[in-house]
There are 2 protein chains.
Amino acid sequence: MSITKGRSVTISDVAQTAGVSRAAVSKVIRNAYGVSPAMRERVEAAIGELGYRPSVAARALRGSSYRLGLEIPHVSARFMTQIMEGAKQAVAGTPYQLVLAPAHGPEYDTLESLADGLVDGIIAISPLVDPAWLEDLGRRIPVVMLGRHDHPTGYDTVVGDDIGGTRAIMTHLFDLGHRRIAHLTEPEAVTRPGSGTPHAVRLETYRTVMTEAGLADLIQIARREDVPDLARAATADLLARPEPPTAIVAGHDDIAMGVLAEIAATGRHGEIAVTGYDNTDLAAHPLIDLTSVDQQGMEMGAQAATMLLERLQGRTEPRRYRATATLQVRGSSVRSAG
Amino acid sequence: MSITKGRSVTISDVAQTAGVSRAAVSKVIRNAYGVSPAMRERVEAAIGELGYRPSVAARALRGSSYRLGLEIPHVSARFMTQIMEGAKQAVAGTPYQLVLAPAHGPEYDTLESLADGLVDGIIAISPLVDPAWLEDLGRRIPVVMLGRHDHPTGYDTVVGDDIGGTRAIMTHLFDLGHRRIAHLTEPEAVTRPGSGTPHAVRLETYRTVMTEAGLADLIQIARREDVPDLARAATADLLARPEPPTAIVAGHDDIAMGVLAEIAATGRHGEIAVTGYDNTDLAAHPLIDLTSVDQQGMEMGAQAATMLLERLQGRTEPRRYRATATLQVRGSSVRSAG
DNA sequence: GTGAAAGCGCTAACAA
DNA sequence: TTGTTAGCGCTTTCAC
């Protein structure tokens, strides 16, 4: 609050004003062992008077920066904002500060640049990085990975129940009489079989369930391009096929928004069942009213942050948190007309 | 890309491997003057071989961290994501990295913690901080402030045309026959008269325009609480008044979503005109179809980042960028029934 | 063109 | 309990 001018106040200034050593000041600000109440008081007075704030750079060079990094592939994706909120709340009240690092293009660079001494630990949502590379990163700095179904040894993971969630959607649609169910998902790179990304698992589950139901030949998969709006194009494409689907299972709510948009724009609102994933606030909006799977994004973000804090406290064996997935049925999943 | 294990590689390691001094390596990585092509090549080879990455902390301690900080009050606000995207794109291709700092509660802390040596410059969206305090911050570190109508001397500003945008909305509603027009805005703290925040200006403009039109006694102002969904409660409250409005001017699109939700939930969709502000992607969605003001959020974010980069290049006189505001008419602004 | 050396602000041994 | 001291990894004069 106190207003400082010109060159910034260093620990030496505080020491001088308080008439103690720099080490003493350091101990006070870290709540370290071995300071008399009298000294603590003097030092704190000096800190207040001078408006001293420790330099993160200097601290980081010596030990910790008290910063946690959260790497995010798409800052505007609704699910990401849930994660961010959750992480933010879990970090509040600790001595740590959360910083977000939006990835532009390949996530390696963003993660590296976080690891370059800016933060003490990293939460990452990076579908595209190589597990082995991540293991290595985890050796240099504590890492929690969101949304990866592999079983790493060098970092923690937080995942949703993508199999359960997808099965719940499919069962629901079958119950409504749908058979020609299409899946509209992310671009190929993010859904590579075996990659363990949420969308790869959802896609695989969709395939499995359709096959189990004897509907293997009705499997239809479409992908949106990387631009959000192109979910509409993909939808238009699906609907123009000779045997168009009666239901579209979108990879997540943002995609579902594009699906709904295209259907509404062609005047067929309510004629085709649509489902999303993530149960974002939009899904609950009466004008959208989207059936979706709630996988507790905020809780996932909060858990990730908590696990990272545990690692900073010394835990080394890997942990995994799996969020539950519950289907939230709303108006968009209409009964099949056929 | 190269995989490093254990303790991280320092500039000394590179120097040793390349058989040169640490200073030489430093010059190479900074593209500084005075390195022979031969040496540069040797050093770069060593860097590649060892997978060396300079420590941000150490660099920051001596000079720059090559990080730009963007402070954000609400990470999930749609307008914020426009800003983030714009800033991200403007920074891409420069040697700088963008980091986002979500504010939790009072923005002072977040801004201070950015200024504590983490970043070389700050973009802030902080309606609630004191201008004098900001001037002081601007003396310590380059600052660009988004959405403030004051005329600072020590930092740059990026603002929208809140007067023009609001006038455009009001004129449009008058043309549609509306007289009982209510304004649903943010909590009091953010709209204090004279504070120069966008929402204060929009509110004041609303008042002015109503008064100019001789409708001063029809002025109705409601506020949402800080939780997003409470825009619905405020709407319910407005509609329950003895003389309910025929049109509701929402402070921004997220609020408008709440208004639309409440109206739809009570089965009166299309009976009351609703307008938003920011022209977020939701506004364009066919199921929402919200009349809104486009103030080019991405461009604002990009301009802010560019101006900050200019300051880091040495500019010291303050600059201001004002985005244009254009009304985007859509279906939600229905004609007055009265 | 190249390298030696000082020091940025802080923390962590260790001495006193 | 308190202070002294030696760096953390890097940049930056300033000699060579």
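Atom set for the values below is all heavy atoms of this structure, side chains included, hydrogens, waters and symmetry mates excluded. Note on naming: letters A, B, ... go to the chains in the order of the sequence lines (proteins, then strands), and numbering restarts at 1 for each one.
- For B:R42 and C:dG3, the CZ to P distance is 8 Å, given to the nearest whole Å.
- Residue B:M39 has its side chain nearest to C:dG3 when only C:dC10, C:dG3, C:dC8 are considered.
- The number of heavy-atom neighbours closer than 6.0 Å to CD of A:E299, taken from other residues, nucleotides and ligands shown, is above 12.
- Distance CG (A:L61) to P (D:dG9): 7 Å, rounded to an integer number of Å.
- Computed from coordinates, the B:Q16 CD to D:dG9 C1' distance equals 15 Å when rounded to whole Å.
- Counting only residues at least two apart or in different chains, salt bridge (Lys or Arg N to Asp or Glu O under 4.0 Å) contacts with residues 145-156 of chain A comprise A:R148-A:D150, A:D156-A:R311, A:D156-A:R315.
- Side-chain nitrogen and oxygen atoms of B:R62 include none within less than 4.0 Å of the OP1 or OP2 phosphate oxygen of C:dG7.
- Contacts of residues 22-33 of chain A with DNA chain C (heavy atom under 4.0 Å): A:R22, A:A23, A:S26, A:I29, A:R30.
- Between the CD atom of B:E41 and the P atom of C:dG1 there is a distance of 17 Å, given to the nearest Å.
- Salt bridge annotation for B:E44-B:R40: present, with a cationic side-chain nitrogen under 4.0 angstrom from a carboxylate oxygen.
- Applying the side chain to side chain contact (heavy atoms under 4.5 Å, CB included) rule to B:A302 yields the partners B:A90; only residues at least two apart in sequence or on another chain are considered.
- One can place CD1 of B:I11 at 14 Å from C1' of C:dA4, the figure rounded to the nearest angstrom.
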With side-chain hydrogen bond (donor to acceptor under 3.5 Å, both in side chains) as the criterion, how do A:S26 and A:R30 come out once you've worked through the C-alpha distance, each side chain's angles and the decisive distance to 0.1 Å? CA-CA 6 Å; A:S26 175; A:R30 285 176 300 126; 3.0 Å; yes
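- Side-chain nitrogen and oxygen atoms of B:S21 include at least one within less than 4.0 Å of the OP1 or OP2 phosphate oxygen of C:dG3.
- Mapping B:R40 and B:A58 onto DNA chain C via the closest heavy atom, the residue that lands nearer the 5' end is B:R40.
- Axis angle between the ends of the helix from C:dG1-D:dC16 to C:dA16-D:dT1, five pairs each and rounded to 10 degrees, works out to 40°.
- The list of side-chain hydrogen bond (donor to acceptor under 3.5 Å, both in side chains) pairs with a residue in residues 114-128 of chain A, not counting sequence neighbours, reads A:S65-A:D120, A:E71-A:S126, A:D116-B:R53.
- Within the structure, a side-chain polar atom (N or O) of B:S36 is placed less than 4.0 Å from OP1 or OP2 of C:dT2.
- The existence of a salt bridge linking A:E112 and A:R140 is confirmed by a sub-4.0 Å separation between a basic side-chain nitrogen and an acidic carboxylate oxygen.
- If you take CG of B:D120 and C1' of C:dC8, they are 14 Å apart, rounded to a whole angstrom.
- No contact: B:G63 has no heavy atom under 4.0 Å from any strand.
- For residues 74-99 of chain B, the salt bridge (Lys or Arg N to Asp or Glu O under 4.0 Å) pairs, not counting sequence neighbours, are B:R78-B:D281, B:E85-B:K88.
- A donor-acceptor contact closer than 3.5 angstrom is absent between the side chains of B:R59 and B:S55.
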